[in-house]
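Written below as structure tokens is the structure these notes are about.
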Number of protein chains: 2
Amino acid sequence: MESRVETNPDPEVVEEWLLESKQRKACLSLYVRCEVMYDGRASASLAAGDRLVLTKPDGSFVVHADSGCDPQNWMPPGASINIVDTDPVTISATRSDPNELIRVTCEEVYHASIMPMDDDAELNLEGTEADLQDYVFENPEVIEDGFRSTEKEKETAAGPVDIWGYDSNGEPVLLELKRRTAGPDDVDQLRRYLDHLEIEVRGILVAPSFSDRSLEMLDKHGLESREVEPQAAGRDEYHSLSDF
Amino acid sequence: MESRVETNPDPEVVEEWLLESKQRKACLSLYVRCEVMYDGRASASLAAGDRLVLTKPDGSFVVHADSGCDPQNWMPPGASINIVDTDPVTISATRSDPNELIRVTCEEVYHASIMPMDDDAELNLEGTEADLQDYVFENPEVIEDGFRSTEKEKETAAGPVDIWGYDSNGEPVLLELKRRTAGPDDVDQLRRYLDHLEIEVRGILVAPSFSDRSLEMLDKHGLESREVEPQAAGRDEYHSLSDF
DNA sequence: TGATCCAGCTCGTAC
DNA sequence: GTACGAGGTGGATCA
């Protein structure tokens, strides 16, 4: 299937291309003037304006306006996307569990574009919490002298804790890791895990930085903090690439 | 400015259109085969594949692949987007605070489309937590007989609590509201607010449903739960529109 | 399928 | 500007 693009396409073309895009591995983009209605987990309406509508073969659906990273309206993968009217062109995206509906009513379709998507690549991401976990597990001395890490994702009654280990006195230690500035909710999470343990355990929140309130909360509950930067293997390359 | 679209555009056209889109209130969409590199808060790489690149006049930048609601790579509003090379066409999006860089290297540009975005509409969303807050505040009896709500967003040492009131015995009550199923983190949040109060206060978590673990935690800490459905004004319209 | 938690979360708001 | 919390969060993972 070739990619195609058309300006001011007939409604029938839009309908046909949407069908094609579903049968094959293609996205359909529509640059339109439209109203949008959503109902489901909440309900929303959006008055007429110019937007970009993008449908994907997995049933994902997004409506982008002229600002912001996030779409104004969307449907997660698995939705059923259809042209339900051609005068005016009206697109619906529905799913169940939960029942949700988006209806896009287009007073004009400026461009339509069908885009076969040949893409086998997977995103390779570094610097996640999992990477931080590996780093701290392999380099327990960044926590403190004599710390030994013994287990990742150790199961407890309250769920798996990031890292479990023992300090130089043989006392058990529980680490909760965060890849960014820690806040009150992160202290709560650490506290929750400790609450569910029968025994006395040191709790340490590990993050690159801490908000004032999180530090107060840690202090109040007899918990500790350690500043550890997330490790991103790409850092070096970054500086050579950017120079900005 | 007219909208325009071109297949297999020259690099110079892409460069010119990107400039135009920034000067005026237009988005630029590029259907390309590209590699993507990101470095900043983390680092990521994405091997060659077909994708849709969308730039917005506020500096937002997204790269959509053929699946999923979320972009594979993105930059929030405020980024500087530029063509840094024309052979091959290479797009960069950078920002500072934090320093971040995306570089999109296009081995092919299938379509380019410049899309003036005339859009003054604001999204009207109903069924949010704020709506639930109003509803419970105005209808305190949904919590229990004799409950009086006296304050929304009442300031405390731990931050503002959703609703403050008094029960039929004149005892103070603190409500934490959630518009969806409550989990462990929501119990923690309620508990955090109570911890910072000097006096004894009843704590009630209000949500449409509760996970088992959240109920255990509430029980363990002497807290309460109330099932309240979020109110969406659009519900009625929804059923008449969808019938699915 | 549901529950839990991470995310380069994004986004708005208040301090 | 940072901090905090909501979000129609989305998405992955594991029971």
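Predicted, not measured: the structure shown is a model, and the values here were computed from it. Labels below follow one simple rule: chain letters A, B, ... track the order of the sequence lines, proteins then strands, and each chain is numbered from 1. Only heavy atoms go into these numbers, but all of them, side chains included; no hydrogens, no water, no symmetry mates.
- Using a 4.0 Å cut-off between charged nitrogen and carboxylate oxygen, A:Glu129 and A:Arg179 do not count as a salt-bridge pair.
- Nearest-nucleotide positions on DNA chain D for B:Gly159 and A:Ala44 put B:Gly159 closer to the 5' end.
- One C1' atom belongs to D:dG10, the other to D:dA6, and the distance between them is 14 Å to the nearest Å.
- Between B:Thr181 and A:Ser67, the residue anchored closer to the 5' end of DNA chain C is B:Thr181, taking for each the nucleotide with the nearest heavy atom.
- Between the P atom of C:dA7 and the NZ atom of A:Lys178 lies a distance of 8 Å, rounded to the nearest Å.
- Taking only side-chain atoms of A:Glu129, from C-beta outward, the nucleotide of D:dG11, C:dC6, D:dA6 with the closest atom is C:dC6.
- Look at B:Arg103 and B:Asp39 and you find no salt bridge, because none of the NZ, NE, NH1 or NH2 atoms lies under 4.0 Å from a carboxylate O.
- Between C:dT4 and B:Ser211, a contact under 4.0 Å exists linking OP1 or OP2 to a side-chain N or O.
- Between D:dG8 and D:dC4, the two P atoms lie 22 Å apart (nearest whole Å).
- Within 4.0 Å (heavy atoms only), A:Glu155 reaches no atom of the nucleic acid at all.
- In the set D:dG8, C:dT4, C:dT10, the nucleotide with an atom closest to the side chain of A:Cys69 is C:dT10.
- Phosphate proximity of C:dT4 to A:Tyr193: absent, as no side-chain N or O sits under 4.0 Å from OP1 or OP2.
- Residues A:Pro184 and A:Ile102 each lie close to DNA chain D; by heavy-atom proximity, the contact nearer the 5' end of the strand is made by A:Pro184.
- Across all strands shown, A:Pro160 has no heavy atoms under 4.0 Å from either base or sugar-phosphate atoms.
- For B:Asp119 and A:Arg51, the salt-bridge test passes: some basic side-chain N is under 4.0 Å from an acidic carboxylate O.
- Taking atom CG of A:Asp97 as the reference point, atom P of D:dG10 lies 14 Å away to the nearest angstrom.
- Using a 4.0 Å heavy-atom criterion, one finds that B:Thr128 contacts the sugar-phosphate atoms exclusively.
- A close approach under 4.0 Å does occur between a side-chain nitrogen or oxygen of A:Trp74 and OP1 or OP2 of D:dG10.
- In this structure, A:Asp212 atom CG and D:dG1 atom P are separated by 18 Å, rounded to whole Å.
- Applying the 4.0 Å criterion to OP1 and OP2 of D:dT2, one finds that A:Arg213 has every side-chain N and O outside that range.
- Atom-to-atom, CZ of B:Arg95 to C1' of C:dC11 comes out at 12 Å; the value is rounded to the nearest Å.
- Looking at heavy-atom distances under 4.0 Å, B:Glu176 makes contact with sugar-phosphate atoms alone, never a base.
- Taking side-chain N and O atoms only, A:Arg192 has a distance below 4.0 Å to OP1 or OP2 of C:dC5.
- For A:Gln72 and D:dG8, the shortest distance from a side-chain N or O to OP1 or OP2 is not below 4.0 Å.
- Put simply, A:Gln189 has no side-chain N or O that comes within less than 4.0 Å of OP1 or OP2 on C:dT4.
- For B:Glu100, taking side-chain heavy atoms from C-beta onward, the closest of the listed nucleotides C:dC11, C:dG8, D:dG8 is C:dG8.
- In this structure, CG of B:Asp70 is placed 8 Å from P of D:dG10, rounded to the nearest angstrom.
- If you check distances only, the side chain of A:Asn73 does reach the base of D:dG8 with a donor-acceptor pair under 3.5 Å.
- Look at CD on A:Gln133: it is 15 Å from C1' on C:dA7, rounded to the nearest Å.
- In this structure, B:Asp66 and A:Lys56 have side chains that are not in contact, with every pair of non-hydrogen atoms separated by 4.5 Å or more.
- One finds a side-chain N or O of A:Arg41 lying less than 4.0 angstrom from the OP1 or OP2 phosphate oxygen of D:dG10.
- A donor-acceptor contact shorter than 3.5 Å is absent between the side chain of B:Asp134 and the backbone of B:Asp131.
- Using a 4.0 Å cut-off between charged nitrogen and carboxylate oxygen, A:Asp188 and B:Arg191 do not count as a salt-bridge pair.
- Rounded to whole angstrom, the span from the CG atom of A:Asp185 across to the P atom of D:dG5 amounts to 7 Å.
- In this structure, the CG atom of A:Asp131 is 13 Å from the C1' atom of C:dC6, given to the nearest Å.
- A salt bridge is absent between B:Arg192 and A:Asp185; no separation between the charged side-chain nitrogens and carboxylate oxygens falls under 4.0 Å.
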